[in-house]
Amino acid sequence: MSEEYILELKGITKIFPGVKALNNVQFQLKAGEVHALMGENGAGKSTFIKVITGVHKAEEGEMFLNGQKVDFKGPRDAQAAGIAAVYQHATSYPDLTVAENIFMGHEIIRHGMIQWGAMNKEANKLLQRMNADFDATAEMGTLSVAQQQMVEIAKCLSTNARIIIFDEPTASLTRSESEELYRIIDQLKAEGVSIIFISHRFEDMYRVASRVTVFRDSQYIGTYDVDGITNADLIKAMVGREITDLFPKPDVKIGEEVLRVEHLSRTGFFKDVSFAVHAGEILGFTGLVGAGRTEVVESVCAITRADSGNVYLEGKETHFQSPSDAMDAGIILLPEDRQKEGLIMSWGLGRNVTLPVIEKYAKNGLNNEKKERELSKELLEEVDTKAVDIFQPASSLSGGNQQKVVVAKALAQEMKVVIMDEPTKGVDVGAKAEIYAIMGDLAKQGYAIILISSEMPEILGMADRILVMCNGRKTGELSRDEATQETILELAMEKGATTKGGAA
Amino acid sequence: MKKKSAFRKLFGSREFLLAVIVVLMFAIVSAVNPAFFSFKSVTDMMKNNAVTMVMALGMLCVMLVGGIDISIMSTLALSGMSIGMLLKYEHIHNTLLAFVIAMAIGTLCGFLVGLVISRADVPPIIATMGFMYIYRAMGYLVSHGGEWAGASALGTFKNFATTKILGLSCVIWVIIVCYVIFFFFMKWTRTGRKIYAVGSNAEAAEVSGINVRNIKLMVFTVMGFLAGLGGALQVSVYASAMPDMQQGGEMDVIAACVIGGVSMSGGRGTVIGTLFGAFIMAMIPKALPLLRIDALWQNTIKGVLILVVVLVNVILQRVADRNALKGREM
Amino acid sequence: MAGKSGRTISNKPESPIKKIIFSWEGILILVLIGVNIFCKWFSEYYNMFNLLRQMPVYLAEVFLMMPMAFILVMGEIDISVGSIACLSATMACIVCNTGAPFIVVILTALAVGTLCGVINATILTNFTELPPMIVTLSTQIIFRGIAEIVLGSGGSISAANTAGFKALGTKVGKVPIILFLVAILAVIFAIILGKSTFGRRVYAIGTNRLTAHYSGIHVQKIRFIIYTVMGLMAGLCALFLVSTSYGANTTTGTGFEMDAIAMAVFGGISSTGGKGNLAGGIISAFIIVCLRVGLGQRNVHAQVILLILGVLLIAAVALPNLIGQLRRAVKKQ
């Protein structure tokens with residue numbers, strides 16, 4: 001029976017100190033199919049991939065390649081057997097050229113010397129196959145995320161891989177870039193390459209995959225045909241329960257204008273952006289990745305300086321000199337990158353929550369640790385964080401719970417405007433719903449909310465008004481009733497076509 | 001993204017800029033004092049800075065993987081002092097053997113440093129600081145508590161620096177051979193490129209099957225080897241060995257690399273750049289007396305030069321970034 | 001608020017006694033006791049009286065260790081402090097020899113140190129792309145270079161009017177002034193680093209600079225203050241250096257930056273930032289001081305003491321890492 005499968009894994013168990021990352025997991029990949037692998041964060045997908053690619057060694061279980069039992073000692077063995085992976089975070093060398101990135105570890109060598117000419121030529125051939133618009137001698141660090149991903153794919157192709165694993169490849173791609181990726185995957189499939197595709201996005205799965213396997217809590221749940229499966233089925237398989245209402249947008253009466261931004265510009269990032277947000281309102285901010293959304297709100301919060309334009313808070317013009325000025329005034333940003341900008345991962349939850357407000361509770365410059373502990377306990381419970389105590393490090397929580405800590409950190413401050421930048425990025429379905437619920441509650445309490453998101457359903461589901469940006473400019477503003485997937489996309493792509501690949 | 005012409009690439013490169021600086025410095029000093037413009041003056045300059053020039057290559061490798069090594073001059077003192085004492089007490093006579101012993105001691109020292117850094121995960125600055133104390137003290141112990149090995153004690157060994165092959169001092173040949181080997185090693189061999197890969201993204205290197213720990217061990221061992229070689233060169237050029245030789249000299253080596261465009265955070269830097277950097281460092285003490293500047297000013301000028309080079313670099317980068325941003329159409 | 005599941009999160013801190021016993025500081029205290037027992041056995045002259053008498057020579061470096069701890073906690077380094085001390089000492093001697101009142105001499109040393117610190121701080125906060133190692137490497141060469149120029153071809157200067165410096169070197173009762181000063185400053189610095197909002201922010205900067213910036217912390221202002229204080233303390237260190245040698249030369253303070261870093265790192269303050277506290281640094285400083293006094297009494301050469309220090313330093317950082325690796329390996333089995 002195993003003949004029809006190019007790759008089959010049985011009874012895989014992988015144990016890390018203290019946790020069973022994979023528990024008796026199985027998986028079958030047919031030759032020439034695109035097989036999606038889904039599951040919440042921490043379900044064990046990434047570990048599973050690393051077992052296949054020989055980075056980790058499983059404690060138990062067997063792996064068959066073309067019906068033959070194999071036992072990889074390291075990444076090299078897997079590579080030699082024709083298995084390659086495009087990882088979630090680009091594993092590139094920013095200081096080296098594209099050609100070197102592609103051929104790292106299997107350079108073209110003659111007489112002990114690297115053949116640069118031959119390598120560049122070979123690399124350009126691979127790039128042309130994917131209609132890439134850059135040269136093999138370009139420096140990796142100067143490329144956009146999508147271009148870097150092409151290089152990663154070219155790297156797989158250069159090893160003549162027969163099985164390619166994509167680990168959340170679309171996570172940081174724009175829609176048009178995703179389309180380009182789908183096209184490349186279709187092409188690979190046509191060439192007979194078998195593909196394992198990991199993604200959080202259902203649309204990815206429907207578009208490229210023919211079968212889907214679901215993991216939950218380190219265990220195998222099932223394998224389904226993509227034809228005939230519904231979102232609800234999948235969510236149930238992934239979460240283990242049904243989620244009835246993903247977007248609990250409450251009806252809130254919209255109040256006074258709180259924040260108004262006029263003609264804000266920053267050279268090279270955005271130009272002439274104006275908008276306003278009212279109490280109790282959720283203003284959606286969308287556009288392609290790199291459209292300048294994050295940059296606009298960071299300038300509003302004085303994290304970076306705008307070159308021109310005015311910001312009014314409750315009708316009064318403001319001149320913030322530093323992020324703390326904006327925070328004191330009540331404009332709170334929940335940054336896009338939780339781990340790098342939002343939290344101090346090695347610190348306890350409590351200290352993370354109170355970091356922006358320690359001064360408020362301090363006496364004579366000395367910290368009031370007792371008050372801090374009380375405050376952080378209260379706030380962390382308020383957002384329902386799944387944590388044991390306030391001293392455990394932020395890194396021990398899942399993405400969704402980390403995001404809740406970021407929210408608690410915001411709640412510690414006097415808020416008027418809450419800016420949430422991609423609050424559900426990398427968060428699994430279950431936790432997503434909880435974050436939406438918190439967002440709805442905040443709106444109910446009368447805060448003005450700006451929600452930056454690339455996820456269409458989220459924007460359509462939560463926002464009262466939607467502002468669309470493209471290439472550093474505001475291209476449109478839609479009311480909740482006007483907005484549809486199509487109208488938003490049209491505005492977001494207005495000039496996108498002419499600068500393909502240039503959006504970095 | 002358009003393909004840059006090879007021509008533009010050459011002129012836009014850091015190495016080109018450094019070459020211009022070297023030529024300019026050379027021209028200015030020669031104009032003020034024509035004595036500088038001679039074959040002998042250049043070879044003298046190289047000979048006197050042989051240690052820095054050779055060891056800058058090792059520092060290049062160390063800095064490429066994001067490390068730093070401040071123990072090198074202690075290694076130099078230990079290996080140089082060891083052969084000094086061996087020669088003085090006539091345990092050995094052969095010059096070649098002395099070189100081999102010095103390099104072996106240096107390699108062993110570097111290997112130990114590399115082990116502590118790559119296997120026990122001690123930050124390079126801390127590990128090499130510890131070994132800086134340890135090796136310096138060992139050099140002192142080897143010297144029986146501060147004895148020197150003077151010119152008379154060194155026998156034929158000191159002749160190495162004065163012997164000429166094809167009109168060039170042996171010391172200069174050593175420099176040339178080192179630079180040629182490293183030039184090919186860093187650009188055309190797999191191991192050389194692995195060093196760049198580790199410095200550019202260690203995590204990615206690990207995933208693609210490069211043994212990052214071994215690469216780190218290797219660069220510190222190579223650094224130690226070159227420090228051992230430097231020890232032998234030092235003793236032969238200055239015809240003496242003492243336990244406190246080149247104290248603080250590691251800063252000159254690091255400075256040569258920094259001026260040569262090697263990044264402190266790893267992944268960036270070339271052999272050619274290092275050569276120019278070492279050259280610029282070597283020219284300063286030679287040029288100052290010719291320009292009638294008191295030798296007392298030497299260090300201040302060196303320091304200011306390093307500072308100016310790194311500041312100019314940052315400012316140029318900022319200007320370039322700004323222009324790139326202005327160029328983005330919106 | 002949002003779907004309250006009634007889950008409670010504990011906020012009871014661990015007992016402080018358990019914390020102290022199982023900490024690096026606990027181990028260091030044992031080492032300090034061990035070193036004292038060893039020194040007593042090693043040297044017949046090792047007693048409280050002699051310890052207090054011989055200590056001041058080695059204590060000046062502790063002034064450098066305290067602000068250096070802040071810099072290391074920020075994940076940075078300052079290798080120019082030895083040179084700052086050299087320049088400050090030189091200028092203090094020059095001013096002293098003009099016959100100026102001693103208070104002016106003190107102010108000169110402190111002002112020169114502070115000025116050097118401000119120079120470092122200005123460059124580092126305006127050019128944040130530059131690693132502190134490079135900047136302080138160049139200022140290390142420059143500051144000592146200036147001292148060399150000022151000192152001229154002789155390369156040294158002695159203070160003609162030593163009365164003031166002698167006063168600095170005296171004792172109150174049996175305790176030297178410098179020990180008092182070290183103790184007072186240690187308490188102040190330890191409280192600022194460990195208990196104050198400023199200290200918490202320093203740890204935040206050292207652990208995740210970007211998050212610190214996003215959380216409204218004035219990262220550059222804090223860096224500026226710390227590098228400036230570092231310069232000021234180098235000036236103070238210089239005063240006490242002169243008070244033991246009544247002069248300065250081009251090698252004054254050479255390698256002090258490394259000694260200060262070594263003390264701090266041996267005290268458990270990680271050079272990669274965010275870890276350690278000043279108590280550890282102070283204990284380790286006294287371990288080193290005691291060791292130097294004890295070994296020095298039997299004429300053990302300074303180089304041998306450095307060798308021991310080098311081994312201790314590497315062991316202090318390497319052993320916990322190795323034990324951690326071993327533990328992980330055993331667990332995997």
Side-chain angles (χ1 to χ4, degrees), chain B residues 68 70-71 74 112-113 115-117 119-141 143 145-146 243-244 247-248 251-252 254-255 258 263-265 294-311 313-315 317-318, chain C residues 77 79-80 83 123 126-131 133-135 137-153 155 250-251 254-255 257-259 261-262 265-266 270-272 301-322 324-325:
Chain B
I68 193 155
I70 57 171
S71 72
S74 298
L112 266 177
V113 173
L115 269 187
V116 167
I117 289 168
R119 296 307 192 270
D121 297 326
V122 180
I125 177 86
I126 301 302
T128 57
M129 199 167 91
F131 279 111
M132 177 178 79
Y133 291 148
I134 295 172
Y135 293 151
R136 182 68 68 180
M138 283 167 73
Y140 172 84
L141 292 177
S143 72
D244 64 345
Q247 198 149 23
M251 295 305 165
D252 274 3
I254 296 168
V258 171
S263 151
M264 275 248 159
S265 46
D294 199 314
L296 286 171
W297 283 76
Q298 186 178 313
N299 280 330
T300 310
I301 289 173
K302 255 190 208 171
V304 170
L305 184 79
I306 301 167
L307 199 55
V308 166
V309 166
V310 292
L311 287 183
N313 212 17
V314 169
I315 292 165
Q317 187 62 48
R318 283 184 183 179
Chain C
I77 200 161
I79 57 169
S80 69
S83 298
I123 300 170
N126 283 298
F127 297 91
T128 49
E129 302 96 322
L130 288 174
M133 175 87 193
I134 299 247
V135 173
L137 165 66
S138 60
T139 53
Q140 176 194 54
I141 300 171
I142 294 169
F143 293 150
R144 194 172 294 278
I146 295 172
E148 282 166 3
I149 295 169
V150 173
L151 288 168
S153 49
T250 52
T251 60
T254 309
E257 59 277 353
M258 295 303 162
D259 292 348
I261 294 167
V265 172
F266 185 54
S270 159
S271 67
T272 49
H301 194 277
Q303 287 288 350
V304 178
I305 298 173
L306 282 180
L307 187 139
I308 296 169
L309 285 186
V311 174
L312 281 179
L313 177 67
I314 291 171
V317 185
L319 282 180
N321 289 348
L322 288 175
Q325 281 176 20

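Computed from heavy atoms alone, side chains included, the values below leave out hydrogens, waters and symmetry copies. In what follows, chains are A, B, ... by sequence order, proteins preceding strands, each numbered from 1.
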Which of B:Met264, B:Met132, B:Met129 touches chain C most, by non-hydrogen pairs under 4.5 Å: B:Met129
Closest-packed option against chain C by number of heavy-atom pairs under 4.5 Å, given B:Val116, B:Val310, B:Asn313: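 That would be B:Val310.
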What part of [X] is in contact with chain C, defined as an atom under 4.5 angstrom from a non-hydrogen atom: side chain, backbone, both or neither?
| X | value |
| --- | --- |
| B:Tyr140 | side chain |
| B:Ile68 | side chain |
| B:Ile315 | side chain |
| B:Val122 | both |
| B:Leu141 | side chain |

To check you understand the geometry: which heavy-atom pair defines the closest contact between [X] and [Y], and what is its length?
| X | Y | result |
| --- | --- | --- |
| B:Gly303 | C:Ile141 | N-CG2, 3.8 Å |
| B:Leu296 | C:Ser153 | CD1-N, 3.9 Å |
| C:Leu306 | B:Tyr133 | O-CB, 3.4 Å |
| C:Ser138 | B:Leu307 | OG-CD1, 3.1 Å |
| B:Ile126 | C:Ser271 | CG1-OG, 3.4 Å |
| B:Ala255 | C:Leu137 | N-CD2, 4.5 Å |

Region of [X] in contact with chain B, defined by heavy-atom distances below 4.5 Å:
| X | result |
| --- | --- |
| C:Val265 | side chain |
| C:Leu312 | neither |
| C:Ile79 | side chain |
| C:Asp259 | both |
| C:Leu151 | neither |
| C:Ile146 | both |

Could you grab the distance from atom [atom1] of [X] to atom [atom2] of [Y], nearest 0.5 Å is fine?
| X | Y | atom1 | atom2 | result |
| --- | --- | --- | --- | --- |
| C:Ile134 | B:Ile254 | CD1 | CD1 | 8.5 Å |
| C:Glu148 | B:Thr300 | CD | OG1 | 6.5 Å |
| B:Thr128 | C:Met258 | OG1 | CE | 8.0 Å |
| C:Ile314 | B:Ile134 | CD1 | CD1 | 4.0 Å |
| C:Phe127 | B:Gln317 | CZ | CD | 13.5 Å |

side-chain contact (heavy atoms from CB on, under 4.5 Å) between B:Asn299 and C:Ile149, worked out: CA-CA 9 Å; B:Asn299 280 330; C:Ile149 295 169; over 6 Å; no
Donor-acceptor contact below 3.5 Å, side chain B:Asp121 vs main chain C:Asn321: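 Not confirmed, B:Asp121 side chain does not pair with C:Asn321 backbone.
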Donor-acceptor pair, side chain of C:Gln325 and main chain of B:Arg119, under 3.5 angstrom: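 Yes; at least one donor-acceptor contact below 3.5 Å.
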For B:Gln247, all residues meeting side chain to side chain contact (heavy atoms under 4.5 Å, CB included), sequence neighbours excluded: B:Arg136, B:Asp244
In terms of heavy-atom pairs under 4.5 Å, which option from [options] contacts chain B the most?
| options | answer |
| --- | --- |
| C:Ile261, C:Val135, C:Val304, C:Ile308 | C:Ile261 |
| C:Val317, C:Ile142, C:Ile77, C:Thr272 | C:Ile142 |
| C:Thr254, C:Leu319, C:Leu307 | C:Leu307 |

